[in-house]
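Notes follow once the structure below has been shown.
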Amino acid sequence: MLTEVKNQLHVILLSVKYNIMREMTNRVTFLMNVSFMMLNNAAFIIQWMLLFRLKSDIGGYGLNDVMVLWGLSAGTFGLAHVFFHRAFSLPDLIIHGKLDSFLVQPKSVLLSVITSATSSSAIGDIIYGYMILTIFNFSFSNLLLFTLFIILGALILTAYAVIVGSLSFWILRSEMLSENLNNIMVNFQTYPDGIFKNVIRFLLYTLVPVGFVVYQPLKIILHFNLMACLGVLAFTIGICLLAFFVFYRGLRRYTSSSLMSARI
Amino acid sequence: MDAITVNQLSKTFRVKVKEKGLKGSLKSIFQPEYKSIQAVKDISFQVKEGEILAFIGPNGAGKSTTIKMLTGILYPEQGEAMVMGINPALKRKQLSYQIGTVFGQKEQLWMHLTPYDNFKFFGTIYDLKDHEVEARIEELKQVFELEEFINTPVRNLSLGQRIRCEIVASLIHRPKVLFLDEPTIGLDPVVKENIRALIKKMNREYKTTIFLTSHDVGDIEKLCKRIIIVNHGRIVLDDSMENLKYHYLKKKVVELKLRDAVDLSDEDGITVLKSKGNNVKLEIDTTKKDISDALKLIDADNILDINISNIPLENIITEIYKENRQTLMKGSDTP
């Protein structure tokens with residue numbers, strides 16, 4: 001069992017390494033992707049600075065808090081897309097029968113699939129996340145917590161993408177739905193949770209669990225709370241297990257690329 | 001021992017049916033209709049260890065669906081398949097150590113890596129130790145003559161070189177059964193011949209069981225001793241190549257260049273395939289009329305040139321695709 005996990009991890013790391021090597025094939029494009037993503041993210045700092053000139057408190061957050069929120073958001077997104085980029089295009093793989101080559105290999109289909117591509121611009125997101133933390137709220141403990149939470153957040157984002165992407169096993173042409181749900185996850189990460197009330201707030205901790213990706217982590221970074229920390233960890237484990245369950249249930253319905261249903 | 005045992009395997013796909021036009025599209029949103037298409041119907045067969053089997057059929061016959069059920073890609077709806085004693089639907093991972101797959105139309109190799117790096121990656125996937133992979137690469141490099149391009153990125157290789165690498169990648173873990181789905185598609189005749197020779201060599205040297213699907217009759221004729229033809233999801237023929245030729249090559253094609261035109265259209269056992277001026281192409285059913293009897297119908301002095309040949313295997317297969325095997329056999333056996 002332990003050897004199996006070790007071998008699986010070895011394949012994942014090798015896969016990620018080869019993905020990054022592929023992205024680096026064109027040096028100029030690679031560096032442009034990374035730096036432009038950082039620049040793109042930085043543009044939002046100005047927007048928030050202007051807003052905080054008008055009002056010092058937005059949804060219970062100050063400028064530094066919003067910036068760390070952005071850092072967490074960029075870090076989780078970046079990490080998820082560097083390691084598990086294909087999780088976000090799962091419907092395309094399912095609908096167009098591109099899982100075949102992963103199914104004939106003696107490794108976890110899900111892990112092999114989601115680690116089979118990377119996004120070079122996502123490296124810019126990770127660097128940007130750490131830069132923001134360094135500028136706006138740096139301490140050694142914050143650095144450790146930030147690293148822990150972007151790892152957990154990336155796992156939640158990926159698991160969520162796998163769950164909504166796996167809908168394609170059951171619902172034909174559900175790629176738009178899963179794309180929208182993934183976008184909602186990202187969009188809601190960049191606003192203070194204090195501005196959301198009642199039903200929306202409930203949804204942000206259930207159907208679109210942004211709360212566990214950035215809101216709770218931010219609160220823990222600002223005021224450490226072990227129980228809250230364990231809560232995020234438990235949620236991460238739970239959603240990852242659910243992602244595996246949903247994907248493998250759906251896999252039984254996989255029709256490969258003979259795609260008789262596509263000829264409708 | 002049997003490498004593959006298939007027992008009454010079936011698979012049905014559910015297909016959405018839509019009426020034409022925008023109205024049909026709107027209707028299908030609110031009242032979707034589905035129909036079932038049975039891609040594979042009660043298929044049963046066995047393949048012995050070390051055998052090279054051609055599994056062929058026209059497009060949509062169910063051969064890819066069958067191969068995918070045998071490799072664990074698709075779950076069968078009914079029936080059971082065992083490959084090297086393992087049920088693909090239940091123990092996919094365990095099975096993958098025993099099988100190799102090459103899908104001619106789907107690349108498994110990383111395009112930006114060299115074949116060598118690719119083989120190392122596949123070695124890791126199959127949990128091989130470094131020195132084992134190195135030894136295996138060295139061995140396969142010799143057999144498949146990869147020396148020239150083993151360190152060239154895959155994207156810069158020709159199609160033939162790439163297919164060779166695809167086959168090597170699928171052999172890295174010494175599979176007992178190799179599934180080849182259209183391995184020579186898009187290749188030129190010389191490279192095709194080369195790939196066929198390598199497949200034969202592999203079968204001879206490693207005793208690998210080979211399950212081949214191809215639309216190329218040359219692949220089938222030159223590699224396989226046994227042939228299974230599927231059509232409309234059912235097996236319509238399961239026979240040795242020798243028997244196939246014995247049963248079906250009872251017809252000869254005679255091409256004649258004559259001094260004066262001759263009408264043979266009313267003769268029993270003779271079918272005029274083509275007649276243009278003094279050139280005629282005849283098909284002679286040797287169960288009804290001997291070649292010599294047929295030729296006696298034409299004055300020897302009238303013949304300027306003659307060519308007698310067997311019906312190409314391609315035509316035989318096409319005929320089997322079109323008709324039910326039993327009907328065809330009955331027809332050819334009629335004295």
Side-chain angles (χ1 to χ4, degrees), chain A residues 3-26 30 93-94 96-112 115-118 169-173 248-264, chain B residues 11-18 24-25 28 32 34 36-37 39 59-60 62-65 67-69 71-75 88-89 92-103 105-113 117-118 120-122 124-128 153 155 170 173 175 179 181:
Chain A
T3 320
E4 205 175 317
V5 174
K6 205 177 113 192
N7 289 341
Q8 179 73 61
L9 278 174
H10 191 187
V11 172
I12 289 175
L13 290 175
L14 202 59
S15 199
V16 173
K17 186 178 111 181
Y18 284 166
N19 282 326
I20 294 174
M21 276 166 66
R22 177 170 53 200
E23 293 299 312
M24 286 177 170
T25 311
N26 191 327
F30 176 75
L93 301 176
I94 296 167
H96 297 111
K98 295 176 186 170
L99 299 181
D100 292 12
S101 53
F102 302 102
L103 278 158
V104 291
Q105 292 170 1
K107 290 285 170 280
S108 158
V109 182
L110 179 57
L111 293 178
S112 302
T115 56
S116 64
T118 195
F169 284 121
W170 287 275
I171 309 167
L172 203 68
R173 310 279 326 248
Y248 281 99
R249 279 307 285 258
L251 197 58
R252 296 184 73 93
R253 301 173 59 91
Y254 178 59
T255 54
S256 185
S257 58
S258 49
L259 266 191
M260 297 171 102
S261 54
R263 293 179 189 273
I264 299 161
Chain B
K11 178 80 183 172
T12 305
F13 292 100
R14 201 169 75 122
V15 180
K16 198 173 179 184
V17 184
K18 188 186 85 65
S25 299
S28 78
Y34 296 91
S36 292
I37 290 182
N59 293 331
K63 53 187 191 307
S64 288
T65 306
I67 223 173
K68 281 170 186 168
M69 285 193 280
T71 49
I73 292 172
L74 293 177
Y75 283 85
R92 185 191 59 79
K93 274 193 199 176
Q94 203 181 318
L95 174 75
S96 54
Y97 287 102
Q98 305 289 329
I99 62 165
T101 48
V102 176
F103 296 106
Q105 297 179 68
K106 287 184 183 179
E107 286 142 8
Q108 300 189 67
L109 301 174
W110 297 69
M111 300 300 278
H112 65 295
L113 297 179
D117 283 337
N118 267 294
K120 292 277 276 187
F121 179 71
F122 279 91
T124 311
I125 284 181
Y126 289 99
D127 309 328
L128 299 180
R155 66 164 181 271
S170 70
H173 57 294
F179 291 91
D181 193 2

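In what follows, every chain begins at residue 1, and chains take the letters A, B, ... in the order their sequences are listed. As the structure is a prediction and not an experimental result, all values here were calculated from the model. All values below come from the heavy atoms of this structure, side chains included, with hydrogens, waters and symmetry mates left out.
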Separation between [atom1] of [X] and [atom2] of [Y], rounded to the nearest 0.5 Å:
X         : Y         : atom1 : atom2 : value
Asp100(A) : Ile73(B)  : CG    : CD1   : 4.0 Å
Asn118(B) : Tyr18(A)  : CG    : OH    : 7.5 Å
Leu95(B)  : Leu103(A) : CG    : CG    : 11.5 Å

(request) Give a yes or no answer on whether the side chain of Arg92(B) reaches the backbone of Pro106(A) with a donor-acceptor pair at less than 3.5 Å. (result) no
(message) Given 3.5 Å as the limit, does a donor-acceptor pair link the side chain of His112(B) with the main chain of Glu23(A), or not?
(response) no
(request) Using non-hydrogen atoms and a 4.5 Å limit, figure out which bit of Ser15(A) sits close to chain B: side chain, backbone, both or neither. (result)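 Contact with chain B: backbone and side chain both.
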(request) Against chain B, label Leu99(A) side chain, backbone, both or neither, depending on which of its atoms sit under 4.5 Å from a heavy atom there. (result)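 Interface part for Leu99(A): neither.
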(message) Val104(A) vs Phe179(B), test: side-chain contact (heavy atoms from CB on, under 4.5 Å). Steps then yes/no.
(response) CA-CA 11 Å; Val104(A) 291; Phe179(B) 291 91; over 6 Å; no
(message) My understanding is that only residues two or more places apart in sequence, or in another chain, count here; which of them pass side chain to side chain donor-acceptor pair (under 3.5 Å) with Gln98(B)?
(response) none
(request) Before accepting this row, confirm whether a basic side-chain N of the pair Asp127(B)/Lys107(A) lies closer than 4.0 Å to the acidic partner's carboxylate O. (result)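 A salt bridge links Asp127(B) with Lys107(A).
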(message) Can you give me the closest heavy-atom contact between Phe121(B) and Leu14(A), atom names plus distance?
(response) CD1-CD2, 3.6 Å
(message) Shorter than 4.5 Å, heavy atoms on both sides: which option in Met21(A), Gln105(A), Gln8(A), Arg253(A) has the most such pairs with chain B?
(response)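 Ranked by heavy-atom pairs under 4.5 Å with chain B, first place is Gln105(A).
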(message) I need the residue from Leu113(B), Thr101(B), Thr71(B) with the largest number of non-hydrogen atom pairs under 4.5 Å to chain A.
(response)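 Most heavy-atom pairs under 4.5 Å with chain A: Leu113(B).
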(request) Check each atom of Tyr75(B) against the heavy atoms of chain A and say whether the ones under 4.5 Å are side chain, backbone, both or neither. (result)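 Contact with chain A involves the side chain of Tyr75(B) alone.
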(message) Just to verify, what does Lys93(B) make a salt bridge (Lys or Arg N to Asp or Glu O under 4.0 Å) with, not counting sequence neighbours?
(response) Glu4(A)
